[in-house]
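Have a look at the structure below, then the notes.
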Amino acid sequence: VCTAPGQDVQVGDRDQEEQNVPPEEAPFTISELEKIYPEASARSKVDAEFAEKAHNATYLLQQGERGYRAMWKQIMRVSVEDLKKNYENLNVSFDVWLGESDAQAYIPTMLKIVEDKHLAVESDGALVVPVQEETDTKEIPPCILLKSDGATLYATTDLATIVQRQQDFHPGKILYLTDKRQSLHFEQVFRVARKAELVPPQTELSHIGFGTMNGKDGKPFKTREGGVMRLEVLIREITDYVTEKIRENQTVSDEELPETAKKIAMAALKYGDLSNLATKDYVFDLDRFSSFEGNTGPYILYTIVRIKSILNRCGGEGDWAMAPADSESAKALQLELAQMPDALQMAYRDSAPNVICAYAYELAGA
């Protein structure tokens with residue numbers, strides 16, 4: 001738990017702390033949380049006393065201190081509600097909502113497995129697992145499981161999560177989708193997981209590191225004020241932009257405008273992101289991504305509308321048999337349709353949605 005510069009840590013009153021019951025209304029909004037974290041993070045780099053307080057608060061939270069847990073629950077509730085709202089706009093859902101904290105209960109089990117296999121050693125008071133291999137061409141630092149004060153790190157909870165997932169789901173593949181700059185971290189975690197046999201040898205552990213979404217200047221996409229662009233703000237900006245374009249062209253009634261603009265905006269945003277190779281940085285261009293021409297989401301939507309119009313004139317959608325091609329264009333379409341299984345298999349094999357986007361664009365053209 002960190003606070004904004006100039007503020008002391010305040011965690012409820014004594015009654016709430018004793019009952020471990022957070023107040024009904026959170027004492028902060030998601031916008032305030034987004035200001036607090038970077039300000040506190042920056043202050044911790046220049047204020048040693050503040051950093052020590054923050055580290056101690058984190059340790060006490062991990063140990064289950066009631067006051068900090070009450071505040072943490074409020075942070076979680078406000079954050080998850082915001083996440084769900086944004087995911088709903090993108091038509092994305094999850095079967096299970098589990099956070100880093102849900103792995104805390106599995107940390108002792110994970111540590112016992114690692115220690116029973118004599119993989120962990122002490123280094124400057126910390127518990128680490130050496131993961132360097134003879135075949136490595138560069139240095140791979142040891143994976144730290146516990147700091148000298150007993151506090152846990154991301155590697156600790158990531159490994160505990162693997163234990164949890166193995167117990168609950170017995171997965172054949174576990175994919176991690178994060179910033180590509182975390183590749184070393186996951187290399188360390190995967191090596192410990194293999195050495196400790198936290199998963200069977202045939203279980204695939206894979207990190208998909210994604211690049212950054214940049215503006216036309218080639219720098220990471222930011223708000224007009226210069227801050228990091230929130231997904232909610234990005235969704236609002238592209239929806240407003242599409243709304244104005246539709247209004248200028250006067251192609252949709254006022255009643256249909258909000259819903260139509262939202263659909264087109266989400267197609268532009270999602271296709272614009274997914275059509276790029278995940279590991280590469282790319283430029284997010286509102287003009288290009290929202291165009292009805294070229295390799296864009298709105299162009300795919302436009303093609304779908306045209307197809308449905310043709311089907312309606314033919315008596316509605318039904319079970320259609322593929323007739324012999326009577327023209328070069330019909331032959332090209334049939335050949336493109338025949339490529340669909342290969343495109344899906346390739347996308348699955350490489351965990352690459354951009355392959356499906358590329359196929360959809362070629363199919364739309366045909």
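Only heavy atoms go into these numbers, but all of them, side chains included; no hydrogens, no water, no symmetry mates.
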Which atom of [X] lies closest to which atom of [Y], heavy atoms considered:
X      : Y      : value
Ala338 : Pro341 : O-CD, 3.4 Å
Val355 : Ala343 : CG1-O, 3.5 Å
Ala330 : Ser327 : N-OG, 3.1 Å

| query | Within 45° of the axis and under 6.0 Å from the centre of the six-membered ring of Tyr154, does NZ or CZ of Lys147 qualify? | reply | no
Ring-ring centroid check Tyr59 Tyr68, cutoff 6.0 Å: no
Review point. Given the side-chain rings of Phe292 and Tyr299, with only the six-membered ring counted for Trp, is the space between their centroids under 6.0 Å?
Key: no
* Check against salt bridge (charged side-chain N to carboxylate O under 4.0 Å, His left out), Arg191 and Glu187 -> CA-CA 6 Å; Arg191 290 189 181 193; Glu187 180 64 34; 2.6 Å; yes
> What class does the angle between the rings of Phe186 and Phe190 fall in, given that below 30° is parallel, 30 to 60° is tilted and above 60° is perpendicular?
Replying inline: tilted
Within one Ile-Leu-Val-Met-Phe-Trp-Tyr cluster: Val189 and Ile107, side-chain cutoff 4.5 Å:
yes
Rounded to the nearest 0.5 Å, the CG atom of Asp342 sits from the CZ atom of Arg349 at a distance of 10.0 Å
[X] and [Y] ion-paired at < 4.0 Å:
X      : Y      : result
Lys219 : Asp217 : no
Lys180 : Asp281 : yes
Glu81  : Arg77  : yes
Asp254 : Arg247 : no

- Query: Any donor and acceptor pair, going by atom type alone, linking the side chain of Asp82 with main-chain N or O of Val78 inside 3.5 Å?
  - Reply: no
Query - Any donor-acceptor N/O pair, Gln132 side chain to Lys138 backbone, under 3.5 Å - result: yes
**Q.** Residue pair Pro298 / Glu293, side-chain heavy-atom distance below 4.5 Å
**A.** no
Quick one about Asn249 and Thr251 (side-chain donor to acceptor, distance below 3.5 Å, no hydrogens or angles considered), yes or no? no
